[in-house]
Amino acid sequence: MLELDKAYDASKYEANLYQLWQDSGLFNPDNLPDQTGEPYTIVLPPPNVTGTLHTGHALGVTIQDILIRWRRMQGRRALWIPGTDHAAIATQSKVEKIIEKEEGKRKTDLGREEFLSRVENFAQSSHDTIVGQLKSMGASLDWSREAFTLDEPRTLAVRTAFKSMFDDGLIYRGHRVVNWDPKGQTVISDDEVVHQERDAILYTFKYSADFPIPISTTRPETKVGDTAVAVHPSDERYQEFIGKEYDVEFCGVALNIKIVADESVEKDFGTGALGVTPAHSLIDAEIAQRHNLEFKPVINEFARMTVGDERIFDKKTTAAREAVVEWLKEHDLVISEGPIKQNIATAERTGGVIEPLPKVQWFLAVNKPFKLKHSEIEGISAGQETTLKELMRHVVSSNQIDIVPDRFAKTYFNWIDNLRDWCISRQIWYGHRIPVWYKPVNEIGTEPEIYCGIEAPDGDNWIQDEDTLDTWFSSGLWTFSTLGWPNKTEDLGKFHPTDVLETGHDILFFWIARMILMSTYHTGQIPFKKAFLHGMVRDAQNRKMSKSLGNIVDPLDMTAKYGTDALRFALVFNTAPGTDMALAEDKIKGMKHFGNKLWNIARYILQNTESANFTALKFEARTEADKTLQENLENCLATVNSSLEQFQIHTASQNLYDFTWHSLADVYIEASKLQLAENNTKESTQSNLAYSLITTLKLLHPFMPFVTEAIWQELHQNKLTESPLLLTAKWPE
RNA sequence: GGGCGGUUAGCUCAGUUGGUAGAGCGUCUCAUUGACGUUGAGAAGGUCAGAGGUUCGAAUCCUCUACCGCCCACCA
């Protein structure tokens, strides 16, 4: 007679069960017994190798594993691809901070080679931790296909992708005002800029005593780079000055200021006149282009002034600001000054204040027409002229890609409509080196010869571009680079486009949009049919989890305390897609109780069905209680099936909880105690109990893989189940 | 400034095309060791933010208001 422990002890089973699954090889769809099943693919959003997984990852992993396990049990050739992301700037700045803290050194003290080897060590250990965490979450990932955004196959993919886009003229080198991060010493993309509200002072003043128009600014130090004053074309106050030019001496710097009329100027802000600093403001640069104004750089990469006399030269911008204000006051040029709320741009990873600078960088053109080489996209045929922006918009607006919840599609379109060329080069060391080589020409003033290719060109004197690529360039290729692209692999034909991309809504632009861009361009296919977005996990008081608040919930602490199944179920229970959720420890505890309830249901049924036949299962409704149970079970099954089809995971979990506890346990098991005592209902009751248990285990397995498999294994040892692993047992239809 | 959400039981949230409000946790009462005390039976608790409209009927659709939140954006 089989004896289960009185209570389910997750720690006793989890590691062994994961090993059992992994040893079976069935996480790899090529090993599944039925090779006729339709493929079903999910790529794991590769976690950054910057540390460890948090509860947000745990939520994503849980949802994806539910989908994969469910489809696998349905007979689909389910493939879930694991991997990690080198995360370029994020990882580099993390390691920089560690080295600075522990050794007081900077990356330049170590040199490129030594520094990179430190980063790689860090990335490796971070990777190992992450893999351990994923396994501990029960993730049924095919480890034989594990990928890394910076490994060899992905490097080939990145270089191939770069070269195609370069050859198509979509990737180009451009000189323009970019977001420079003086702290990280690199340029960053528009999407990596984070705006923060700060208090600033708005100064209103004149360049000189005889200058006709006063201007307002929060950054007086940049005014030494001004080449114009812009006013609104219809502003009556300044009509007579439009078109005129003035020479002034501003804080020791000679300026030539032209008065221009531009629609973008707000008449009601400040004096209605804007000092135009083309080299250090994106907006001003646009105005300058429209009016053909001179770009005059006055700030360098270290946020120090490059012009002026000893008052400001080589001073940090903040110090120079004070000096300029002082000079203005000395010369009685300040008309007014007052506090103002200002949104300043900072770098996402380093927190540095962005300094717009004119620089030569690599860009990806999103509005430039090109001919799509290959297309499986409805509505856009091969050879047709299109743009990347159009591709990105089209596949979503034509519902070839379904974004869930659909309100995020609006956010997506909004982003696309305001999208500018993507700056893809970075002045950091960790990442994919740009596959472009230069050959300097001896004659001064001529452009070097340029070569773009997968490998370095033959011949001497070729020097590779020093820059690396934005990390999202390589993650944008993820759905197909993980399947072997650019090689025409079997995997690629079988598993791409992928079925679902599940991730947090916070990386809709960074990643989802970039994957759509890259996949449609390079493969002529959508990357995934559905983008399913989950919300952010918050603490019990609904606050953001952050280090400073000290309210971070470590998923591994929770799984150690309550078991993985409890955490998984708590994460999806009563949580709608895309909506932020509060995660209280009590909720996890409650779900541990649920797992234990299931365990004891199994225990009861085993104790009371010694002679029942578990393998030839059927339900026989003889009594009212039987009928009710049968009805409830069928309802539950139907609801779970339709809910999962519609990605209503919370509805499915709610129904399973309710049926298992309040129908099977509370009602039927109680009724069974009488029915088992009656000879004419004994056998049918045993059979019904067994049938219900088996079905419940199957339905719950995607949600709570460990406890269900643990019970299944106990049953299997007694030859009570049809398949050795619940992992691949047949899903009830 | 532009865009998108939210406001439902003490707390955290579900509520699938409009048909007399649900869950988990918490609270209160009772039961008892019988698979499980990580239990069972039961109870209390909500004019679904407010106002107006459409409808036989609105938490659900429309309009407005109030408050909260998120994303985007260099009114210098």
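Naming convention: chains lettered A, B, ... in sequence-line order (proteins, then strands); numbering from 1 in each chain.
Residue contacts for T579(A): at a heavy-atom cut-off of 4.0 Å it reaches the sugar-phosphate backbone alone, with no base atom in range. Within the nucleic acid shown, Y657(A) comes within 4.0 Å of sugar-phosphate atoms alone, with no base atom in reach, counting heavy atoms only. Within the nucleic acid shown, A7(A) comes within 4.0 Å of at least one base atom, counting heavy atoms only. When heavy atoms are screened at a 4.0 angstrom cut-off, A576(A) is found touching the sugar-phosphate backbone but no base atom. Among the atoms of the strands shown, base atoms are found under 4.0 Å from some heavy atom of A665(A). The residue K589(A) sits apart from the nucleic acid: no heavy atom pair falls under 4.0 Å. Residue-level contact check: I669(A) touches the bases, meaning some heavy atom is under 4.0 Å from a base atom.
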Using the side-chain hydrogen bond (donor to acceptor under 3.5 Å, both in side chains) rule, take S643(A) and Q648(A) through it: C-alpha gap first, then chi angles, then the decisive distance, then the call. CA-CA 5 Å; S643(A) 305; Q648(A) 302 285 324; over 6 Å; no

Quiz: residues 407-416 of chain A side-chain donor-acceptor pairs under 3.5 angstrom, not counting sequence neighbours:
from: Y412(A); atom 1: OH; to: M392(A); atom 2: O; distance (Å): 2.8
from: W415(A); atom 1: NE1; to: D191(A); atom 2: OD1; distance (Å): 2.9

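Which of rU12(B), rC4(B), rA35(B) sits closest to the side chain of K673(A) comes down to rA35(B). Closest approach to the A582(A) side chain among rU38(B), rU39(B), rU12(B) is made by rU12(B) (side chain taken as heavy atoms from C-beta onward). Distances were taken from every side-chain heavy atom of I601(A) (C-beta onward) to each of rU39(B), rA35(B), rC25(B); the shortest belongs to rA35(B).
Rounded to an integer number of Å, the gap from CG of L583(A) to P of rC13(B) is 11 Å. The distance from atom CE of M536(A) to atom C1' of rG5(B) is 14 Å, rounded to the nearest whole Å. Residue K597(A) contributes atom NZ, which lies 4 Å from atom P of rG40(B) at whole-angstrom precision. Atom-to-atom, CD1 of I588(A) to P of rU12(B) comes out at 17 Å; the value is rounded to the nearest Å. One can place NE2 of H662(A) at 9 Å from C1' of rA23(B), the figure rounded to the nearest angstrom. The separation between R407(A) atom CZ and rG3(B) atom P is 17 Å, rounded to whole Å. Rounded to an integer number of Å, the gap from CG of L533(A) to P of rG5(B) is 14 Å. The distance from atom CG of N608(A) to atom P of rC36(B) is 11 Å, rounded to the nearest whole Å.
Distances shorter than 4.0 Å separate none of the side-chain N or O atoms of K587(A) from OP1 or OP2 on rA14(B). At rU39(B), one or more side-chain N or O atoms of H593(A) fall inside 4.0 Å of OP1 or OP2 (strictly under the cut-off).
Between the side chains of Y668(A) and N632(A), no donor-acceptor pair is found at a separation under 3.5 Å. In this structure, a donor-acceptor pair under 3.5 Å is present between the side chains of T685(A) and Q675(A). With 3.5 Å as the limit, one finds a donor-acceptor pair spanning the side chains of Q342(A) and T218(A). Defined by atom type and a distance below 3.5 Å, a donor-acceptor pair is missing between the side-chain atoms of H232(A) and D262(A). Side-chain atoms of T681(A) and E678(A) include no donor-acceptor pair closer than 3.5 Å. Side-chain atoms of T186(A) and D181(A) form no donor-acceptor pair, as typed in the model, at a separation below 3.5 Å. Side-chain N/O atoms of T317(A) and E221(A) include no donor and acceptor closer than 3.5 Å.
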Could you run through nucleotides 70-76 of chain B and give me one letter per nucleotide, 5' to 3': B if any protein heavy atom sits under 4.0 Å from the base, S if only the sugar-phosphate is that close, - if neither? -SSBBBB

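Checked against the 6.0 Å centroid threshold, Y13(A) and W599(A) count as a close aromatic pair.
Straight-line distance between the C1' atoms of rA59(B) and rG18(B): roughly 10 Å, to the nearest whole Å. With P as the reference atom, rC56(B) and rA43(B) are 37 Å apart, rounded to whole Å. Rounded to whole Å, the C1' atom of rC67(B) lies 32 Å from the corresponding atom of rA76(B). Rounded to whole Å, the separation between the P atoms of rU65(B) and rG2(B) comes to 14 Å. Going from the C1' atom of rA49(B) to that of rG69(B) covers 15 Å, rounded to whole Å. Between rC30(B) and rU12(B), the two C1' atoms lie 28 Å apart (nearest whole Å). Nucleotides rG19(B) and rA58(B) place their P atoms 11 Å apart, quoted to the nearest Å. Atom C1' of rG40(B) sits at a distance of 46 Å from the matching atom of rC4(B), rounded to the whole Å.
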Which dot-bracket notation, 5' to 3', represents the base pairing of RNA chain B when pairs are defined as Watson-Crick or G-U with both distances under 3.5 Å, crossing pairs as [ ], and inter-strand pairs as |? (((((((..((((.....[..)))).((((((....).))))).....(((((..]....))))))))))))....

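For Q648(A) and rA14(B), a side-chain-to-base donor-acceptor distance below 3.5 Å is absent, hydrogens and geometry of angles not being considered. At a cut-off of 3.5 angstrom, counting only N and O atoms as typed in the model, there is a donor on one side and an acceptor on the other between the side-chain of N574(A) and the base of rC13(B).
In this structure, S672(A) OG and I605(A) CD1 are separated by 8.0 Å, a value rounded to the nearest 0.5 Å. With rounding to the nearest 0.5 Å, the separation of CZ in R176(A) from SG in C423(A) is 8.5 Å.
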